[in-house]
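This is a predicted model, so every value here is computed, not measured. Both ligands and their constituent atoms are indexed starting at 1 by order of listing.
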Amino acid sequence: MKKHSTLGEFIINNQSHFSGSSGELSRLLNAIRLAAKVVNHEVNKAGLVDILGAAGETNIQGEDQQKLDVYANDIFMQTLTKREIVCGIASEEEDDFVVIKGSNGNNDNKYILLMDPLDGSSNIDVNVSVGTIFSVYERITPKGQPVTKADFLQKGKKQVAAGYIVYGTSTMLVYSTGRGVHGFTLNPAIGTFYLSHPNMEFPRKGNIYSINEANYVHFPQGVKDYLKYIQKKVEEGQKYTSRYIGSLVSDFHRNMIKGGIYIYPTSSKSPKGKLRLLYECNPMAFLAEQANGMATDGYQRILDIQPTELHQRVPFFCGSRSMVSKVGELMGAYPDGADY
Ligand code: P6P
């Protein structure tokens, strides 16, 4: 596909790769495209209207709900509900999954979607990039019946699509349907996404590490050893740099382009890690592997983890293969020293 083709053209041209595709996945991706533009418009003017600040409620994570969190959740829910595409949605902003019926009240739609509608929302008030993360599966319970929790607790390797929108200096939609990772940049003047980054890949090696070192004292020893390993490399003259935006999507996006690793390990504040498996780690891990990168919980492949709860948290190590495998080695994941 030539560069600068539009996202719409790209979706249509790639539909033929799905055997028996009835166009539902294309319609799902087009719905995400539309919702992304609407949310982008609001995010870009957040400072101008009274949409900042907590909505006065807290979500299931016990975090203040910024009004934009609520707004983004509503826009994606509304856009995905009116198009006969999904039969269920799970969201960071919803305590439980939501059953989505077809217009005639049926439960015949094929896909389920999980999302973090506005990740990094604490950055909104300080004008730093935030993002939307989404993950798509085919339902596994029988068509015609309401979706159940089992449909949402599939292993990450069963995803049929995943992606993110990064609302940054420019707004990009980056996604994969299992045939590589492709980035589209929005031209806000005409509201069109153009293919700007075809076949995105993590450089095998990298020199950027993204971690909140304020939690150092509570890190597992293997993570402490990895940071010491990096510092020793710097002493030996190798170039490394620390970059941590506090927005997973932005750190991931930069590391995928330049090479690097993002780590959110366990800590006393987050004994199971902070990031959510279903709608943060699984979609980002799907993208990472499609981009020749790697994603583990420090010991095992994220995409192999059997989920047990909608909002469960896991430690997250994601990025360039050589960096993720090195920290895994120090965590004791590869006793035989295997290098991925
Ligand atoms: P901390 C945002 O809340 C988020 O889920 C990720 O986007 C980000 O990388 C991380 O948490 C930041 O967490 O504890 O370092 O502020």
Say whether S122 and ligand 1 are in contact under the criterion: heavy-atom distance to a ligand atom below 4.0 Å. no

Checking the N or O distance criterion of under 3.5 Å, is ligand 1 in contact with N212? yes

Ignoring angles and geometry beyond distance, decide whether L275 reaches within less than 3.5 Å of ligand 1 through its nitrogen or oxygen atoms. no

Lys/Arg N to Asp/Glu carboxylate O, K157 vs D304, below 4.0 Å: yes

Would you mind running through ligand 1 and noting each atom that sits below 4.0 Å from a heavy atom of Y262? 8 (C), 9 (O), 10 (C)

Which atoms of ligand 1 are found less than 4.0 Å from any heavy atom of E280? 5 (O)

For Y244, counting its heavy atoms only, list the atoms of ligand 1 lying under 4.0 Å from any of them. 1 (P), 9 (O), 10 (C), 12 (C), 13 (O), 15 (O)

Atoms of ligand 1 under 4.0 Å from any heavy atom of G246, numbered from 1 in the order shown, are 2 (C), 7 (O), 8 (C), 9 (O)

Contacting atoms of ligand 1, where contact means under 4.0 angstrom from a heavy atom of G120: 2 (C)

From the options T81, L28, N109, select the one residue that forms a side chain to side chain contact (heavy atoms under 4.5 Å, CB included) with V86. L28

For ligand 1, is there an N or O atom under 3.5 Å from any N or O atom of D119? yes

F152: ring pair (Phe, Tyr, Trp, His ring centres under 6.0 Å) partners, not counting sequence neighbours: F97

Cationic tip of K326 within the cone over Y229's six-membered ring, i.e. under 6.0 Å and within 45° of the normal? yes

Holding to ring pair (Phe, Tyr, Trp, His ring centres under 6.0 Å), I want the full list of residues that pass it with F219, two or more places apart in sequence or in another chain. none

Centroid separation F202 to F252 less than 6.0 Å: yes

Might you point out which heavy atoms bring M323 and I208 nearest each other, and give the distance in Å? CE-O, 3.4 Å

